[in-house]
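What follows is a short report on a single structure.
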Amino acid sequence: MADDVKINRGLKGVYFERSGVSDIDGAAGMLQYRGYSIHDLATHATFEEVCHLLMKGELPTASELAAFDGALRAARAVPDAVLDIIRTCKDGYPMDVLRTAVSALAALEPDSLETGEEAFLRNGMRLTAQVPTLVAAHEAIRNGRDPVAPDDSLSHAANWLWMLKGETPSEDAARLADVDFVLHAEHGANASSFAARVTVGTEANLHGAIVTALSTLAGPAHGGAAEDVMKMVREIGTPENAEAYVKAKRANREAVTGFGHRVYRAEDPRARHMREGVRKLGEEMGAPEWYAILQAVVEAMKPYSRHGLNVNVDFYSGVIYQLHGIAMDLYVPIFAIGRMPGWVIQCIEQQRGNILIRPLTLYNGPEPRAWVPVEDR
Ligand SMILES: CC(=O)SCCNC(=O)CCNC(=O)[C@H](O)C(C)(C)COP(=O)(O)OP(=O)(O)OC[C@H]1O[C@@H](n2cnc3c(N)ncnc32)[C@H](O)[C@@H]1OP(=O)(O)O
Ligand SMILES: O=C([O-])CC(=O)C(=O)O
């Protein structure tokens with residue numbers, strides 16, 4: 001076949017669509033949601049404001065925010081039948097259980113089959129509100145407790161911690177979770193959002209696209225990295241061991257998790273906020289060693305960073321969850337809670353002027369050959 005065809009494996013460097021949602025400059029380490037710097041949003045915005053910005057296109061006025069936030073708060077409950085399904089598969093890996101629960105919502109909620117922009121926004125807001133409820137319900141059920149009902153007097157982040165732990169979180173804990181969600185809310189043509197767009201490209205419904213996105217997020221090269229970083233930190237044990245750990249990994253040409261990114265060559269701008277969170281929280285909680293180990297890994301990676309290899313957002317986030325006493329296998333579901341508005345708006349964008357996403361593979365199998373009956377093979 002054609003030898004001169006250029007193959008872009010992994011679609012590296014390929015623009016497949018235009019998008020008005022987020023802008024990433026990988027060389028400069030810059031990220032904006034609809035023109036607003038991630039640093040301004042992480043410092044000043046709430047997750048609810050960011051959801052409005054992403055899903056509706058602009059930061060809300062006070063009255064728009066009240067209406068939007070009210071709609072999210074009112075949509076947090078999930079049908080009992082979904083809780084029964086979670087009970088049935090309570091011992092499963094949380095991302096598998098979450099994916100199954102979202103799939104069940106599709107089958108149980110009558111409007112989930114509707115397509116069109118209004119339906120995607122309605123279903124997308126409801127799913128954004130429900131996903132934390134599903135994750136927290138699974139955590140309760142697998143630990144032998146009854147799920148904690150959502151509290152509509154609390155913000156999205158505070159309510160999530162309330163449902164997870166059954167106690168009202170401190171303002172600092174709620175703000176940290178809120179910032180974490182803001183930082184994870186949207187990131188261009190990342191693998192899970194791209195996968196969701198492929199699903200919408202076939203004119204499938206939003207719930208189906210979110211199930212695709214959840215499946216894709218779960219892998220260790222994408223959302224699974226935060227969990228792996230925490231496992232790495234535990235394995236390293238003390239800052240003094242970091243150099244030997246990194247050397248052994250690189251000698252085997254293995255990736256050091258939490259480093260590297262398809263787009264960023266400068267440091268992932270989201271990492272800065274997580275780093276500060278780990279340092280402060282570790283000091284406050286009398287557990288500064290996690291931060292010290294992470295920084296020792298960063299030092300040990302410097303000789304290997306010639307291609308612009310830097311930490312990504314997931315390098316620090318796992319330790320924050322660990323300091324909050326959250327089980328390691330919930331780190332990817334937490335990422336999913338934050339990413340919901342990004343997935344929803346990318347599905348909406350995909351649907352406007354929709355086109356089937358269907359690239360080509362260049363055949364390199366056997367030459368044409370004659371059929372051989374089974375008895376002659
Ligand atoms: C939220 C997110 O999804 S962020 C990503 C989370 N994932 C991780 O942290 C897992 C670890 N990282 C990785 O596996 C990769 O960096 C990926 C999958 C994220 C990106 O992969 P790619 O875009 O294919 O890597 P890329 O082509 O940019 O790699 C460039 C060079 O850096 C090296 N490199 C990339 N990541 C790492 C790493 N984590 N550790 C060591 N070296 C690495 C590659 O081996 C390559 O080196 P070479 O040119 O000498 O062969
Ligand atoms: O953009 C990517 O490839 C992965 C990523 O950082 C994200 O989804 O947040």
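Counting starts at 1 for both ligands and their atoms, following the listed order. These numbers come from a predicted model, not from an experiment.
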## Note on the structure
Residues Ala173 and Leu161: closest non-hydrogen pair is O-CD1, 3.6 Å
### Message
If I apply the N/O under 3.5 Å rule, does Gly223 come out as touching ligand 1?
### Response
no
### Query
For ligand 1, does Val229 get within less than 4.0 Å through its side chain, its backbone, both, or neither, judged by non-hydrogen atoms?
neither
### Task
Consider only side-chain N and O atoms of Gln351 and Glu203, and report whether a donor and an acceptor are under 3.5 Å apart.
no
### Summary
closest protein heavy atom to atom 14 (O) of ligand 1 is Ala255 CB, 4.2 Å
### Query
Between Ala119 and Thr115, which heavy-atom pair has the shortest distance, and what is it?
CB-O, 3.5 Å
### Task
Report the C-alpha separation of Asp80 and Arg87 in whole Å, then their side-chain angles, then the decisive distance to 0.1 Å, and conclude whether the salt bridge (Lys or Arg N to Asp or Glu O under 4.0 Å) test is met.
CA-CA 10 Å; Asp80 286 345; Arg87 283 189 188 94; over 6 Å; no
### Query
Does the N or O separation between Val256 and ligand 1 drop below 3.5 Å for any pair?
yes
### Query
In the protein, what heavy atom is nearest to atom 49 (O) of ligand 1, and what distance, to one decimal place, separates them?
His307 NE2, 3.4 Å
### Task
Find all atoms of ligand 1 within a distance of less than 4.0 Å from any non-hydrogen atom belonging to Gly258, and give their numbers and elements.
8 (C), 9 (O)
### Query
If you measure every N/O of Ala221 against every N/O of ligand 1, is any gap under 3.5 Å?
yes
### Query
With a 4.0 Å cut-off, strictly under, does atom 17 (C) of ligand 1 pick up any protein heavy atom?
no
### Query
Quick check: does Val313 get an N/O under 3.5 Å from an N/O on ligand 1?
no
### Query
Would you say Ala191 touches ligand 1, if touching means a heavy atom closer than 4.0 Å?
no
### Summary
For Arg250, the ligand 1 atoms with a heavy-atom partner under 4.0 Å come out as 41 (C), 42 (N)
### Query
Side chains of Gln32 and Ser37: do they bring a donor and an acceptor to under 3.5 Å?
no
### Message
I'd like to know whether the aromatic ring centres of Phe194 and Phe16 sit less than 6.0 Å apart in this structure.
### Response
yes
### Message
Checking side-chain polar atoms at under 3.5 Å, does Glu17 have a donor or acceptor matched by the opposite partner on Gln346?
### Response
no
### Message
If the cut-off is 4.0 Å to any non-hydrogen atom of Leu309, which atoms of ligand 1 fall inside it?
### Response
34 (N), 35 (C), 36 (N), 37 (C), 41 (C), 42 (N), 43 (C)
### Query
Quick one: which of Arg272, Lys280, Arg279 gives a salt bridge (Lys or Arg N to Asp or Glu O under 4.0 Å) with Glu276?
Arg279
#### Entry: Residue selection (non-hydrogen contact nearest atom 3 (O) of ligand 1) among Lys249, Glu254, His222, Arg339
His222
### Where ligand 1 meets Asp314 - atom numbers and elements under 4.0 angstrom, heavy-atom basis
1 (C)
### Query
Do Tyr321 and Asp180 get their side chains close enough for a donor-acceptor pair, meaning under 3.5 Å?
yes
Exercise answer, ligand 2 polar atom pairs (N/O) under 3.5 angstrom:
from: ligand 2; atom 1: 1 (O); to: His187; atom 2: ND1; distance (Å): 2.7
from: ligand 2; atom 1: 1 (O); to: His261; atom 2: NE2; distance (Å): 3.4
from: ligand 2; atom 1: 6 (O); to: His187; atom 2: ND1; distance (Å): 3.2
from: ligand 2; atom 1: 6 (O); to: His261; atom 2: NE2; distance (Å): 2.7
from: ligand 2; atom 1: 6 (O); to: Arg270; atom 2: NH2; distance (Å): 2.7
from: ligand 2; atom 1: 8 (O); to: Arg339; atom 2: NH1; distance (Å): 2.9
from: ligand 2; atom 1: 8 (O); to: Arg339; atom 2: NH2; distance (Å): 3.4
from: ligand 2; atom 1: 9 (O); to: Arg270; atom 2: NH1; distance (Å): 2.7
from: ligand 2; atom 1: 9 (O); to: Arg339; atom 2: NH2; distance (Å): 2.7

### Message
Between the side chains of Arg126 and Glu109, is the shortest nitrogen-to-carboxylate-oxygen separation below 4.0 Å, so that they form an ion pair?
### Response
yes
### Message
Under 4.0 Å from a heavy atom of Gly260: which atoms of ligand 1 are those, numbered in the order shown and with their elements?
### Response
16 (O), 19 (C), 36 (N)
### Summary
Closest to atom 10 (C) of ligand 1 among protein heavy atoms sits Pro220 O, 3.7 Å
### Query
Non-hydrogen atoms of Phe335 versus ligand 1: any pair closer than 4.0 Å?
yes
### Message
Counting only heavy atoms not in Ile355 (residues, nucleotides, ligands), do more than 12 fall under 6.0 Å from its CD1?
### Response
no
### Task
Return the option from Arg270, Met301, Lys12 holding the heavy atom at the smallest distance from atom 26 (P) of ligand 1.
Lys12
### Summary
Heavy-atom nearest pair, Thr168 first then Trp162, reads N-CE3, 3.8 Å
### Query
Nearest protein heavy atom to atom 5 (C) of ligand 1: under 4.0 Å?
yes
### Query
Quick one: which ligand 1 atoms are inside 4.0 Å of a heavy atom on Arg265?
28 (O)
### Query
Under 3.5 Å, is there a donor-acceptor pair between the side chain of His184 and the main chain of Ala336?
no
### Query
So among Asp23, Leu59, Ile38, which one has a side chain to side chain contact (heavy atoms under 4.5 Å, CB included) with Tyr33?
Ile38
## Note on the structure
re atom 51 (O) of ligand 1, the protein heavy-atom contact at minimum distance is Arg253 NH2, 4.0 Å
### Task
Return yes if a side-chain donor-acceptor contact under 3.5 Å exists between Ser192 and His222, otherwise no.
yes
### Task
Give a yes or no on whether atom 29 (O) of ligand 1 lies under 4.0 Å from any heavy atom of the protein.
no
#### Entry: Partners meeting salt bridge (charged side-chain N to carboxylate O under 4.0 Å, His left out) with Glu243 (sequence neighbours left out)
Lys247
### Message
Would Asn312 count as being in polar contact with ligand 1, using the rule that some N or O on each side must be under 3.5 angstrom apart?
### Response
yes
### Task
Considering heavy atoms of the protein only, find what lies nearest to atom 23 (O) of ligand 1 and give residue, atom and distance to 0.1 Å.
Arg262 NE, 2.6 Å
### Message
When you compare the side chains of Asp40 and Thr43, does any donor N or O come within less than 3.5 Å of an acceptor on the partner?
### Response
no
### Message
If we count only N and O atoms by modelled type, under 3.5 Å, do the side chains of Tyr291 and Glu283 hold a donor and an acceptor together?
### Response
no
### Query
Is there at least one protein heavy-atom neighbour under 4.0 Å from atom 46 (C) of ligand 1?
no
### Contacting atoms of ligand 1, where contact means under 4.0 angstrom from a heavy atom of Ala225
6 (C), 7 (N), 8 (C), 9 (O)
### Task
Taking atom 35 (C) of ligand 1 as the reference point, report whether a protein heavy atom occurs under 4.0 Å from it.
yes
### Query
Can you check whether a protein heavy atom sits less than 4.0 angstrom from atom 21 (O) of ligand 1?
no
#### Entry: Lys56 vs Glu64, salt bridge (Lys or Arg N to Asp or Glu O under 4.0 Å): CA-CA, chis, key distance, verdict
CA-CA 10 Å; Lys56 299 232 170 186; Glu64 285 167 344; over 6 Å; no
### Task
Just need the protein heavy atom nearest to atom 12 (N) of ligand 1, so name the residue and atom and give the distance.
Phe259 O, 2.9 Å
### Task
Return the orientation label for the His187 and Tyr264 ring planes: parallel under 30°, perpendicular over 60°, tilted otherwise.
tilted
